[in-house]
Amino acid sequence: MPRSAGIRPLPPVTVALVTPASGAAVPSGAVPARYDVAIVGAGIVGLAHAWRAVRAGLKVVVLERDEYAAGASIRNFGHICTSAQSGPAYDYALRARGEWLALGADAGIPVSTAGTVAVARRLEELAVLEEFVGERSDDNVLLTAAQLADKLGFAPVDALGGAWLRLDLRVDAPSAVPAFAAHLARLGVEFRYRANVLGVESGRVVTARAEVTADRVIVAVGHDVDRLFPGIADEHGVVRCRLRMIEADAPAGVTVDPGVFTGTSLLRYDAFSRTAAAAALRDALDREAPELGEHGVNLMFTQRLPHSDAAGRLVLGDTHHYGLTESPFDDEASDELLLARFRELLGVRELVVRRRWRGVYASSPNGPYLVASPAPGVTAVSVTSGIGMTTALGLAASVLD
Ligand SMILES: Cc1cc2nc3c(=O)[nH]c(=O)nc-3n(C[C@H](O)[C@H](O)[C@H](O)COP(=O)(O)OP(=O)(O)OC[C@H]3O[C@@H](n4cnc5c(N)ncnc54)[C@H](O)[C@@H]3O)c2cc1C
């Protein structure tokens, strides 16, 4: 990665400093607050780095442009899909799994250890799961259709069998992320919200309100990495991936402890898509259900955990549309497709939809991580695939250590 490409020239700085406690401006000319580590972005990637740094005894500040972190990290399934990773992402995911369990215990964040169930409704899907479980039989188990129904608490329509991926975890993202931030604040991390960062250079971060100085700067702004470092984002081929998500009542109040993958998931996650058997599945879906590919559909769901303000509802998703600029238009066909497929899977005529939203994450054809050093002491970190909840807590260790 280049060391100098993409540094945004800083504007002339005429700033008022903001005291952390009151938020009131103090005259410029006062000595800027100095930190060991300044982190830009309070999503899961920023928080993961803050946690690592504060545990190493460092003085840490997190700068977040919004009133609270409202990006990808609170819009996802809360699915820590360790099992579905391969290569370096699997190493990060395994490490992150331990970190999530420790964080859950330390911060009082509920973490479900029920794993994931992958449902196979085609022979080609079963073949992928058989090959996958054959390679990783310690942590994954093939299920018959009857075992599948038993584990899920309902019988998916036309299921032939499946697999239980035991390593996977689940959190309630909208509450877990603020709880994580609150835990860090208790540990001494300083948070400055509504602090839009305009520019970063070695030892110095300028926000629209103030300037901070820090020995080390971590820029964890997700898909907006191109706003601060366009050259680096271009070099890594970063685009925005826009997703649709739907929250619906669980039919007949069913409780589904594990996360649920279907055949489309087996083409999206590396641990499955790299199997030899995946090619036949891809061909079959392209031939018989091209609309799934057109909308980048990955049919999967998780159930909101009991402490969630939406307890018991199913989080259904998702679709994937790519572009440098996020299109403002959501095609109704995407949602209809998702809902039709879920009704079919669950064997229900209606699903009562309670909320819908879109999410955006960074995506790149060059791999799932952008880690670049645009200037000495400055690191830009972005997860450029939809696996930040799963791997960020492992990635942070490798970036900071
Ligand atoms: C719908 C959806 C479903 C997903 N499902 C899963 C899943 O189940 N499992 C999984 O592992 N991953 C999932 N992902 C991916 C995962 O959510 C992301 O990889 C991860 O949240 C990225 O974290 P982040 O901290 O980089 O980004 P974000 O959470 O977007 O945080 C970036 C933060 O930076 C702030 N920021 C940006 N620019 C500035 C600036 N100039 N100054 C100050 N602050 C700034 C933003 O306001 C934001 O709060 C999903 C993503 C989406 C969208």
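Here the structure is a predicted model, which means the values were calculated and not measured. Atoms within a ligand are numbered from 1 in the order they appear, just like the ligands themselves.
Residue contact check: Phe77 has heavy atoms under 4.0 Å from atoms 5 (N), 8 (O) of ligand 1. Set against the non-hydrogen atoms of Asp66, the atoms of ligand 1 under 4.0 Å away are 47 (O). Interface atoms of ligand 1 facing Thr390, defined by a heavy-atom separation under 4.0 Å, are 9 (N), 10 (C), 11 (O). Numbered from 1 in the order shown, with element, the atoms of ligand 1 that lie under 4.0 Å from a heavy atom of Asn196 read 40 (C), 41 (N), 42 (N). Using a 4.0 Å cut-off to heavy atoms of Gly359, the atoms of ligand 1 that qualify are 53 (C).
Here Val40 has side-chain heavy atoms under 4.0 Å from ligand 1, and that is the only part of it that gets that close. At a heavy-atom distance under 4.0 Å, only backbone atoms of Ser385 (N, CA, C or O) approach ligand 1. Of all the heavy atoms of Leu198, none lies under 4.0 Å from any atom of ligand 1, so neither backbone nor side chain is involved. Within the 4.0 Å heavy-atom criterion, the part of Ala220 lying near ligand 1 is the backbone and not the side chain. Only the side chain of Met245 comes within 4.0 Å of ligand 1, counting heavy atoms alone; its backbone N, CA, C and O stay farther away.
Relative orientation of the Tyr269 and Phe272 rings is perpendicular, given thresholds of 30° and 60° on the angle between their planes. Ring planes of Phe154 and Phe301: tilted class, angle from 30 to 60°.
Ligand 1 lies out of reach of Gly317, whose nearest heavy atom is not under 4.0 Å from it. Under a 4.0 Å heavy-atom criterion, Gly386 is in contact with ligand 1. Judged by the shortest distance from any of its heavy atoms, Ala195 lies inside the 4.0 Å radius around the atoms of ligand 1.
Looking at Arg240, its side chain does come within 3.5 Å of a backbone N or O of His223 through a donor-acceptor pair. No donor-acceptor pair under 3.5 Å is formed between the side chain of Arg356 and the backbone N or O of Glu247. Looking at Thr384, its side chain does come within 3.5 Å of a backbone N or O of Pro368 through a donor-acceptor pair. Side chain of Arg354 to backbone of Ile246: no donor-acceptor contact under 3.5 angstrom is found. Side-chain N or O atoms of Ser73 include one that pairs as donor or acceptor with a backbone N or O of Ile44 at under 3.5 Å. Remark: the backbone N or O of Val141 is not paired with any side-chain donor or acceptor of Arg166 at under 3.5 angstrom. Formation of a donor-acceptor pair under 3.5 Å by the Arg97 side chain with backbone atoms of Leu167 is found in this model. Side-chain N or O atoms of Thr319 include one that pairs as donor or acceptor with a backbone N or O of Arg244 at under 3.5 Å.
Relative to the six-membered ring of Tyr90, Arg136 meets both conditions, a distance below 6.0 Å and an angle of at most 45° to the axis.
For atom 43 (C) of ligand 1, the nearest non-hydrogen atom of the protein is Arg65 N, 3.2 Å. Of the protein's non-hydrogen atoms, the one nearest atom 31 (O) of ligand 1 is Gly43 CA, 3.5 Å. Nearest non-hydrogen protein atom to atom 7 (C) of ligand 1 is His79 O, 3.6 Å. Nearest protein neighbour of atom 4 (C) of ligand 1, counting heavy atoms only, is Asn76 CB, 3.0 Å. Scanning the protein heavy atoms around atom 22 (C) of ligand 1, the nearest turns out to be Ser73 OG, 4.1 Å. The single protein non-hydrogen atom nearest to atom 30 (O) of ligand 1 is Ala72 N, 3.1 Å, given as residue, atom name and distance. At the top of the distance list for atom 24 (P) of ligand 1, counting protein heavy atoms only, stands Val45 CG2, 3.7 Å. Protein heavy atom nearest atom 48 (C) of ligand 1, with residue, atom name and distance: Glu64 OE1, 3.5 Å.
With respect to Arg358 and Glu326, a salt bridge is recorded, a charged nitrogen being found less than 4.0 Å from a carboxylate O. By the 4.0 Å N-to-carboxylate-O rule, Arg274 lies close enough to Glu135 to be salt-bridged with it. Here Arg282 does not pair with Glu124 in a salt bridge; the nearest charged N to carboxylate O distance is not below 4.0 Å.
With 3.5 Å as the limit, one finds no donor-acceptor pair spanning the side chains of Tyr92 and Gln85.
On a distance-only criterion, Val383 and ligand 1 share no N/O pair closer than 3.5 Å. Some N or O of Gly388 is nearer than 3.5 Å to an N or O of ligand 1, by distance alone. Inclusion of Tyr361 in the set of residues having an N or O under 3.5 Å from an N or O of ligand 1 is not warranted. Taking distance alone, with nitrogen or oxygen atoms compared against 3.5 Å, Ile44 approaches ligand 1 more closely than that limit. Close N/O approach between Asp224 and ligand 1 is not found [any backbone or side-chain N/O within under 3.5 Å]. Where the criterion is an N or O separation shorter than 3.5 Å, residue side chain and backbone included, Ala42 fails it with respect to ligand 1.
With Val221, Thr384, Asp168, Ile80 as candidates, the residue nearest to atom 45 (C) of ligand 1 on a non-hydrogen basis is Val221.
Listed here is the closest heavy atom pair of Ala53 and Leu400: N-CD1, 3.9 Å.
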